[in-house]
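Please read these numbers as outputs of a predicted model, since none were measured by experiment. Only heavy atoms go into these numbers, but all of them, side chains included; no hydrogens, no water, no symmetry mates. Index from 1, following the sequence.
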Amino acid sequence: MEGALRLLLFIVMSSSTAEEVAQHLRGVVGGNVTLPDPLVESGFILFERLTLAMVKNREYKIEEDKYKNKLHWDKNSGYVTITDLQRNDSGIYSIDSKKGHVFNKPYKLKVYESVSSPAVRAWSVSAERCILLCSVEEGEDTTLWWYRGEDQLNQSSSALSLPLTVHLQDFSSPHSCVAANPVENKTLMVNVTTSCRISDTKSSDAKHRYYTGTIIPIMCAALVVTAVTIIIIIKRKWCTITETATRQSPDSGNSEPAIDYSDIQILEDRCRKWRKGPDPSESSNLTTVYSEVKVAPMSQVSADTSGKV
């Protein structure tokens, strides 16, 4: 009985020790990871106490169908590789070697998403400084850093954005934002002068909106008013030209016929109405009257002249 208790205690302690010394492994979604210790001759490959594959007399056999194209054993080296990692592949894997180099060793694997590429934009711009904001879309265990050249300026853990204030004298210095998680990192080089010109673009857009929304309509309205004014002035000048009906003086030395102009009064009446507006007492039904102008024969003109003398 005492021997059985000792054996049980030894197994529990061995299991606890194995869990404590489990080697931590990291992988990225879509990537691969190789377990550090080789299984050379015979033994088992386990995941959370589930047997995935076995090696017997240097022959490899998959026990779980879904791992046929995922779990690979190199016959020459004995190393086990897990490919096409996904988030649900995280967990404890074990190699239980039964022959040759005998051991039972666990490995704690954690699979991370690929780190997002950082993006930088101008957050606030003034004449003396520019505040840049570096951000990532998603970031489990992601850390952001700002660098000026090789010097680390600041960092933020488990945050999706990190601001940096750059003063005018440092605009020409090279800056970079780094996003990293435990398996990879991505760096974005930043030209501060170019990035902070976004304010100029916004200013240009505002000016463009101001001109198209305010100045151009005012100019168009001014042109319309000017055109209307010119038309009114021209029309008024036209109406002030008075042509009086004339008849040639009875000059005996002139042989031209006498001509009557009988439509001038109508023109003046129309201009007067245009200036003063229509007379409400007048009927809206207008009648056009035409007058025929005749040229008197020369003999009649001579007779009339001699008779008057």
Side-chain angles (χ1 to χ4, degrees), residues 23-34 36 81-90 107-223:
Q23 187 172 348
H24 290 266
L25 304 177
R26 299 185 181 96
V28 62
V29 170
N32 307 326
V33 66
T34 298
T81 300
I82 308 168
T83 62
D84 190 25
L85 291 173
Q86 302 300 318
R87 294 297 301 274
N88 57 8
D89 290 327
S90 297
Y107 311 94
K108 188 173 183 178
L109 173 66
K110 185 170 182 179
V111 180
Y112 294 86
E113 293 284 353
S114 179
V115 68
S116 299
S117 297
V120 172
R121 65 180 178 89
W123 192 13
S124 175
V125 181
S126 67
E128 299 297 329
R129 64 174 187 169
C130 177
I131 301 178
L132 297 173
L133 186 67
C134 178
S135 60
V136 291
E137 293 182 357
E138 53 186 24
E140 180 188 9
D141 296 326
T142 298
T143 301
L144 295 174
W145 288 276
W146 271 111
Y147 285 87
R148 180 183 300 125
E150 299 296 327
D151 299 328
Q152 179 181 323
L153 302 178
N154 57 5
Q155 75 175 70
S156 176
S157 299
S158 301
L160 298 181
S161 62
L162 179 64
L164 175 69
T165 300
V166 183
H167 295 280
L168 183 61
Q169 63 269 22
D170 296 321
F171 273 27
S172 59
S173 301
H175 288 74
S176 60
C177 178
V178 179
N181 62 15
V183 292
E184 64 177 355
N185 64 76
K186 293 181 180 178
T187 301
L188 177 66
M189 301 302 299
V190 180
N191 185 318
V192 177
T193 303
T194 302
S195 298
C196 291
R197 280 178 185 168
I198 188 171
S199 61
D200 297 336
T201 303
K202 289 181 177 179
S203 178
S204 299
D205 292 341
K207 290 179 180 178
H208 176 72
R209 289 193 298 269
Y210 172 73
Y211 280 112
T212 57
T214 305
I215 300 299
I216 292 179
I218 291 176
M219 292 177 65
C220 291
L223 289 174

Specify the closest pair of heavy atoms between [X] and [Y], including all atoms of both residues, with the distance to one decimal.
X	Y	value
Glu113	Val28	C-CG2, 4.1 Å
Leu132	Ser195	CD2-CB, 4.0 Å
Val136	Pro118	CG1-CA, 4.0 Å
Pro163	Ile131	CB-CG2, 4.4 Å
Ala127	Leu168	O-CD2, 3.9 Å
Phe171	Val166	CE1-O, 3.4 Å

* **His175 side chain to Ser173 backbone, donor-acceptor under 3.5 Å** => yes
* For the side chain of Glu137 and the backbone of Ser116, is there at least one donor-acceptor N/O pair under 3.5 Å apart? -> no
* Structure fact -> With sequence neighbours left out, the residues meeting side-chain hydrogen bond (donor to acceptor under 3.5 Å, both in side chains) with Asp84 are Gln86
Using 0.5 Å steps for rounding, measure from the [atom1] atom of [X] to the [atom2] atom of [Y].
X	Y	atom1	atom2	result
Asn191	Ser176	CG	OG	12.5 Å
Leu133	Leu160	CG	CG	10.5 Å
Leu162	Leu153	CG	CG	9.5 Å
Asn32	Ile82	CG	CD1	9.5 Å

Can you find a heavy atom in the side chain of [X] that is under 4.5 Å from one in the side chain of [Y]?
X	Y	answer
Pro36	Leu25	yes
Val190	Leu164	no
Trp145	Thr143	yes
Ser90	Val111	yes
Ser114	Lys186	yes
His24	Lys110	no

* Verdict with supporting geometry, Thr187 and Tyr147, side-chain contact (heavy atoms from CB on, under 4.5 Å) -> CA-CA 10 Å; Thr187 301; Tyr147 285 87; over 6 Å; no
* To do: Could you please spell out the steps behind the side-chain contact (heavy atoms from CB on, under 4.5 Å) verdict for Asp89 and Val33?
  => CA-CA 11 Å; Asp89 290 327; Val33 66; over 6 Å; no
* **Asp141 bridged to Arg26 by N-O distance under 4.0 Å** => no
* **Identified side chain to side chain donor-acceptor pair (under 3.5 Å) partner of Gln152 from the options Gln155, Glu150, Arg148** => Gln155
* Go through the steps to decide whether Cys134 and Val120 satisfy the test side-chain contact (heavy atoms from CB on, under 4.5 Å), and finish with yes or no. => CA-CA 4 Å; Cys134 178; Val120 172; 4.0 Å; yes
